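Below is a structure I'd like to ask you about.
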Amino acid sequence: MRIVIAGAGIGGLAAALSLHAAGFEDVTVHEAVPEIRPLGVGINLLPHAVRELIELGLADRLAGIGVATAELAYFNRYGTPIWSEPRGLAAGYAWPQYSVHRGRLQHLLLEAVIERLGPDSVRTGSRITGPGTEDLLIGADGINSAVRAHLHPGEGPPPWNGLVLWRGMTYGEPFLTGRSMIMAGDGTKKFVAYPIETGHRTLINWIAEQPLEGAAPERGNWNRPADPAEVGRHFADWRFDWLDVPAVIAGAEAAYEYPMVDRDPLPRWTYGNVTLLGDAAHAMYPIGSNGASQAIIDARVLAHALAHDDLDAYEALRRPATTALQLSNREMGPEVVMKLAHERAPGGFDDIEQVVPYAERAEIAASYKRTAGFDPAALSERPSWDATRTSRSADRSPAS
């Protein structure tokens, strides 16, 4: 069975590794850009995605490039605590949660693909726009997917919700636990920060978000330059006892601008011998740290389904789950606690229990874990997606 993957991002490379682990040998990844460079800023890998990478034999490599997140904490725009919870091993998971540089993770996966599948398994400068003679084409080519456009012509650009994100990285002092991921905001403006390197120096990945008047910047381009000084102007008075937001923004050597866009859920991903994966299938707002994690899970479920000669099982499991997550993220997901706190106490508060009671906050957090697939008990109880292809699947294509 000959499999072609369009896109050498995190999802496409994870798919190649997953398929190889399941016994598929003729797998080739095609990437449109002539050279794969470690671009981007920080991302988070939630425990359910980390589980999949560990089961692919990447535990030590992943630990070598990531910071194990200890805590997730929400604050209002004055830096007053709203909600905090342990994360990863500290929360009772069997697998850690990691904050990593996206480019370093991509190169880790790329190196593993080349080692296991061979140097010719990844072909750069090779843009795939639709099916050819392969037995299966997997479109893992991002939010502006050419394969998706082939299946759904006329869809147009990703819809924009009027918000803009600025992203950057700054060396600075550790804050809170030293491995905390924080979100501060009021439901309209937001600042996120977490370390992606610790030790001699702490490298803080940050995201600033607010509404933008006028036309959206280029959609789907994560590398559009922005001026840190201009970004910092919007957060000039966001100085907390535990973090100086303007100083963090000002310390970045570079910043990048990105409009808050996603894709509408699709009625189907698979057409004959073509299917979609990751952002090509279900691009979602970067809320809840789920984009890369969901692509990795797609990859593992797809390989498991193909190993059992049941491509339909992939979409049956993944499309409803990611559709629910896309829609949840449009409603702010777990970050809605910041919006609720601001609506109920716009001038701030002394006792969060009087504003958003504990039971309400806890259910918001737990509900999102269930929707996104990383409820601790359910994740521990779920069987592994490790699989070995059956003799029947060895000689059949999905469309045969």
Side-chain angles (χ1 to χ4, degrees), residues 5-16 18 40 43-46 48-49 52 102 105-106 109 128 136-161 163 165 219-222 258-271 274-306 311-335 367-375 385:
I5 300 171
I10 291 167
L13 295 170
S18 299
I43 60 172
N44 278 270
L45 293 175
L46 298 173
H48 55 346
E52 303 312 320
R102 183 201 171 279
L105 175 63
Q106 184 183 16
L109 297 174
I128 301 293
L136 177 65
L137 172 62
I138 301 169
D141 47 344
I143 192 169
N144 292 313
S145 168
V147 177
R148 177 173 174 138
H150 173 82
L151 298 177
H152 299 273
E155 185 178 26
W160 178 47
N161 73 351
L163 297 175
L165 306 178
R219 304 184 192 190
N221 177 8
W222 283 99
Y258 186 78
M260 182 82 91
V261 295
D262 66 356
R263 284 288 189 186
D264 291 329
L266 290 174
R268 59 187 292 193
W269 295 350
T270 305
Y271 293 79
V274 183
T275 195
L276 301 173
L277 179 151
D279 278 356
H282 50 70
M284 59 189 68
Y285 292 156
I287 288 172
S289 308
N290 260 285
S293 292
Q294 294 298 323
I296 291 166
I297 294 165
D298 286 351
R300 291 280 284 165
V301 174
L302 175 58
H304 185 275
L306 289 173
L311 178 59
D312 290 342
Y314 161 63
E315 183 171 337
L317 181 63
R318 294 300 296 150
R319 188 170 58 79
T322 56
T323 294
L325 190 55
Q326 285 177 287
L327 298 178
S328 176
N329 281 8
R330 285 183 173 180
E331 298 299 321
M332 299 184 68
E335 298 175 18
S367 175
Y368 191 76
K369 292 183 180 72
R370 293 191 295 268
T371 300
F374 66 107
D375 172 78
W385 282 317

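Residue numbers count from 1 along this sequence. Note that the coordinates shown come from a computational prediction; the quantities given were computed from them, not determined experimentally.
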> Are any non-hydrogen side-chain atoms of Y285 and N161 less than 4.5 angstrom apart?
Replying inline: yes
> Can you find a side-chain donor-acceptor pair between Q294 and R318 that sits under 3.5 Å?
Replying inline: yes
> Any idea which heavy atoms bring G11 and A295 closest together, and the distance?
Replying inline: CA-CB, 3.8 Å
> Just how far is it from atom CD1 of I297 to atom CG of L317, taken to the nearest 0.5 Å?
Replying inline: 10.0 Å
> Are I128 and D141 close enough that some pair of their side-chain heavy atoms sits under 4.5 Å apart?
Replying inline: no
>> Treating R263 as the side-chain partner and I143 as the backbone partner, does any N or O pair qualify as donor plus acceptor under 3.5 Å?
In response: yes
>> Would you say T270 and E315 are linked by a side-chain donor-acceptor pair, where the criterion is simply a distance under 3.5 Å?
In response: yes
>> Among N290, D298, T322, T323, exactly one meets side chain to side chain donor-acceptor pair (under 3.5 Å) together with H282. Which residue is that?
In response: D298
> Which value, rounded to the nearest 0.5 Å, describes the distance between L302 atom CG and I5 atom CD1?
Replying inline: 8.0 Å
> Who are the salt bridge (Lys or Arg N to Asp or Glu O under 4.0 Å) partners of R102, not counting sequence neighbours?
Replying inline: none
> salt bridge (Lys or Arg N to Asp or Glu O under 4.0 Å) with R330: which residues, sequence neighbours excluded?
Replying inline: D262, D264
> Considering residues at least two apart in sequence or located in another chain, which fulfil the side chain to side chain donor-acceptor pair (under 3.5 Å) criterion with E331?
Replying inline: none
> So, for A14 and A299, which heavy atoms are closest and what is the spacing to 0.1 Å?
Replying inline: C-CB, 3.6 Å
>> Would you compute the distance between atom OG1 of T275 and atom CZ of R268 and round it to the nearest 0.5 angstrom?
In response: 9.5 Å
> With sequence neighbours excluded, what pairs up with D312 under the side chain to side chain contact (heavy atoms under 4.5 Å, CB included) test?
Replying inline: D310
> Excluding sequence neighbours, so at least two apart, what forms side chain to side chain donor-acceptor pair (under 3.5 Å) with N329?
Replying inline: Y368
> Which pair of non-hydrogen atoms, one from A292 and one from I43, has the smallest distance, and what is that distance?
Replying inline: CB-CD1, 3.7 Å
>> For a quick test of reading the model, state the closest non-hydrogen atom pair linking A305 to A313 and the distance between them.
In response: CB-CB, 4.2 Å
> Does the side chain of L266 reach to within under 4.5 Å of the side chain of L276, using non-hydrogen atoms?
Replying inline: yes
> Under the salt bridge (Lys or Arg N to Asp or Glu O under 4.0 Å) test, which residues partner R300, sequence neighbours left out?
Replying inline: E52, E55, D386
>> Checking the side chain of R148 only, and the main-chain atoms of A280 only, is there a donor and an acceptor separated by less than 3.5 Å?
In response: yes
> Looking only at heavy atoms, which two atoms of H48 and S293 are closest? And how far apart?
Replying inline: CE1-CB, 3.9 Å
> Which atom names give the shortest non-hydrogen contact between L327 and P265, and what distance separates them?
Replying inline: CD2-CG, 4.2 Å
>> Can you confirm whether P158 sits close enough to N144 that some side-chain heavy atom of one is under 4.5 Å from a side-chain heavy atom of the other?
In response: yes
>> Keeping S328 on the side-chain end and A324 on the backbone end, is there a donor-acceptor pair under 3.5 Å?
In response: no
> What distance do L306 atom CG and Y314 atom OH have between them, rounded to the nearest 0.5 Å?
Replying inline: 9.5 Å
> Are H150 and Y271 close enough that their ring centres sit under 6.0 Å apart?
Replying inline: no
